[in-house]
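What you see below is based on every heavy atom in this structure, not just the backbone, and it leaves out hydrogens, waters and symmetry mates. Predicted model, so just to flag it, every value in this text is computed and none were measured. Within every chain, numbering begins at 1; the chains are lettered A, B, ... in the order of the sequence lines, protein sequences first and strands thereafter.
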Amino acid sequence: MGWEARPGGIYYYRSVRVDGRIKRRYCGRGAIAAQAEWIDAQARKRRDDDRGALRAEQRRLEPLEKIMNDLDLVCRRMFEATLLGAGFHQCMRTWRFRRVRREAAEN
Amino acid sequence: VCDAKQLKTDSQPILDELHELVARARAGDLEILPRLRAVLDEHAEVWQCGDIALIARDSWIALIAGQDLALKELLMRKAGALRAEVAGPDPSPLERLLVDRIVACWLQAHHADAMVAQAGGVSIRQAEFAGKRQDAAHRRYLTAIGALATTRKLLPAGIEARGVARPSQPSLGRSSGAETSPEVAAARDVPIAGEAATVLPFSKNCADEAAQRSSAKSKRSGARSGCTATSLHQRR
C-alpha cells in the first residue's frame with residue numbers, strides 16, 4: 001500500500017482484500033491521493049491503538065489468570081484426592097461410592 | 001503473585017505425588033488408597049494451598065478497588081462476610097479451600113461483569129475479549145460452587161469421612177466398614193447425580209456443559225434460579 005512510481009508520475013494505490021486475495025486499487029495522485037493516504041494512516045493508527053489496548057488489558061489480567069488457574073488445579077487435585085481417599089470413584093462424571101471389593105479398599 | 005509462586009513451589013512435590021496417586025486411584029488401583037489417605041492426613045501443608053485463594057482474593061480486590069481505599073475496605077468486608085456465610089460454622093479443610101475459591105471466583109465474575117457493562121466505545125476485539133472473559137469467569141464460578149455442593153452432598157458435615165480431617169481432629173485415619181454410620185452408608189449408597197455431579201471433571205468441555213445445564217436448570221426452576229452461595233449454605 002502506498003505511492004508507486006509509474007510512467008507518467010507517482011500514484012497512490014490502496015491494498016484491499018477481496019475474496020481472500022489482496023488487490024491493489026488505484027486512488028489517483030495529487031490532493032485526492034494525499035487525502036486517501038491520510039485516511040488510511042488514520043485507520044491504521046486506530047487499529048494499532050486498539051490492538052495495543054487489548055494487549056495491555058491482557059497483560060494486566062495475566063497474573064491474576066495465572067493465580068486462578070493454579071487455584072483451579074490445586075482445588076481439583078485436593079477435591080479428587082479427598083473423594084478417592086474416602087472411597088468414592090467417578091463413573092460417567094458421577095461420583096459413586098465404591099462398593100466392589102470394599103474390604104480391599106479399607107485395608 | 002510472588003507469594004503464590006512460593007506457595008506453589010513449597011507444596012509442589014506433595015501436589016505432584018498427590019496427582020500421581022489420584023491418577024492411579026482413578027484408574028481403579030485400590031492398593032494406593034492407604035497411601036493417598038496418608039498423604040492427606042500427614043501433609044497438612046497441602047491444605048494451606050488455600051492461601052493461594054486468599055492471594056487471589058486480595059489481588060482481585062486490589063485490581064477492582066485501585067487507589068480507592070474505601071472501596072477496598074468494603075470489598076474486603078463483603079468477601080469476608082461471603083466466606084463466613086458459605087463456609088458455615090465448622091468447615092472441613094477441603095470446604096475451606098473450596099469456599100476461598102468461590103470467593104475469588106465471585107470477585108472475578110463481578111469484575112468481568114463490570115468490565116462488560118463499562119465497555120463503552122471500545123473496539124470489537126476488546127468487546128469480544130471482555131465477553132469471553134465474562135463467560136469464562138461465570139463458568140469457573142459455577143464450577144467452584146458445584147464442587148462445594150458435591151463435597152457437602154457426598155461428605156456431609158458431622159460425618160467422618162475417611163481421609164477428611166476436620167480442624168478439631170488432627171488425623172482421622174481410616175474408619176473400618178463396621179464403624180461406618182448409617183448416615184454415611186446412606187449418603188454413599190445413593191448415586192450422586194444432578195447439579196452437583198455435572199461439574200466434574202473440571203475440563204473445559206465439562207465446565208461448558210455444567211454451565212449450560214445449570215442455566216437450563218435455572219430456567220426450569222424459578223425458585224432455584226441459579227445456585228447461589230447463599231442457597232448453598234441454607235441447603236446445608
Looking only at heavy atoms, what is the nearest atom pair of [X] and [Y], with distance?
| X | Y | value |
| --- | --- | --- |
| Leu155(B) | Ala86(A) | CD2-CB, 4.1 Å |
| Arg37(B) | Gly85(A) | NE-O, 2.6 Å |
| Leu97(B) | Cys75(A) | CG-SG, 3.8 Å |
| Ala56(B) | Ile67(A) | CB-CG2, 3.5 Å |

Checklist line | Beyond-backbone contact of Lys153(B) with Trp95(A), side-chain heavy atoms, under 4.5 angstrom | finding: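 Result no, sub-4.5 Å side-chain heavy-atom pair not found.
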Check: Side-chain contact, heavy-atom cut-off 4.5 Å: Thr150(B) with Phe79(A)?
Finding: yes
Approximate separation, where rounding is to 0.5 Å, of [X] [atom1] and [Y] [atom2]:
| X | Y | atom1 | atom2 | answer |
| --- | --- | --- | --- | --- |
| Ser59(B) | Met68(A) | OG | CE | 10.0 Å |
| Thr82(A) | Leu154(B) | OG1 | CG | 11.0 Å |
| Leu21(B) | Leu84(A) | CG | CG | 10.0 Å |

Checklist line | Contact residues of residues 53-61 of chain A (partner chain B; heavy-atom separation under 4.5 angstrom) | finding: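 So far as heavy atoms go, Ala53(A), Leu54(A), Glu57(A), Gln58(A), Arg60(A), Leu61(A) are the residues that approach chain B to under 4.5 Å.
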Item checked: Steps toward side chain to side chain contact (heavy atoms under 4.5 Å, CB included) verdict (Arg140(B), Asn69(A)) -> CA-CA 10 Å; Arg140(B) 180 177 269 153; Asn69(A) 288 337; 2.7 Å; yes
Margin query: Suppose the criterion is ring pair (Phe, Tyr, Trp, His ring centres under 6.0 Å): which pairs have a residue in residues 47-68 of chain A, not counting sequence neighbours?
Written below: none
Note to self: Tell me whether the count of non-hydrogen atoms from other residues, nucleotides or ligands lying under 6.0 Å of CD in Gln42(A) goes above 12.
What the structure shows: yes
Margin query: Can you tell me if Ile39(A) has over 12 outside heavy atoms packed within less than 6.0 Å of its CD1?
Written below: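 More than 12 heavy atoms, drawn from other residues, nucleotides or ligands, come within 6.0 Å of this atom.
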Next item on the list: Check the pair Asp72(A) / Arg101(B) against side chain to side chain contact (heavy atoms under 4.5 Å, CB included), numbers first and verdict last.
Entry: CA-CA 8 Å; Asp72(A) 283 348; Arg101(B) 181 193 185 199; 3.2 Å; yes
Identify every side-chain donor-acceptor pair in residues 118-130 of chain B under 3.5 Å, counting partners at least two apart or on other chains, and give the distances.
from: Ser123(B); atom 1: OG; to: Gln126(B); atom 2: N; distance (Å): 3.2
from: Ser123(B); atom 1: OG; to: Gln126(B); atom 2: OE1; distance (Å): 3.2
from: Gln126(B); atom 1: OE1; to: Ser123(B); atom 2: N; distance (Å): 3.3

Notebook entry, point to check: Of all residues at least two apart in sequence or in a different chain, which pass the salt bridge (Lys or Arg N to Asp or Glu O under 4.0 Å) check with Arg35(B)?
Noted result: Glu17(B)
Notebook entry, point to check: Heavy-atom distance under 4.5 Å to chain B: side chain of Arg51(A), backbone, both or neither?
Noted result: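 It is the side chain, since no backbone atom gets that close.
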Notebook entry, point to check: Do the charged groups of Glu20(B) and Arg77(A) touch, with an N to O distance under 4.0 Å?
Noted result: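 Judged by the 4.0 Å cut-off on N to carboxylate O distance, Glu20(B) and Arg77(A) do not form a salt bridge.
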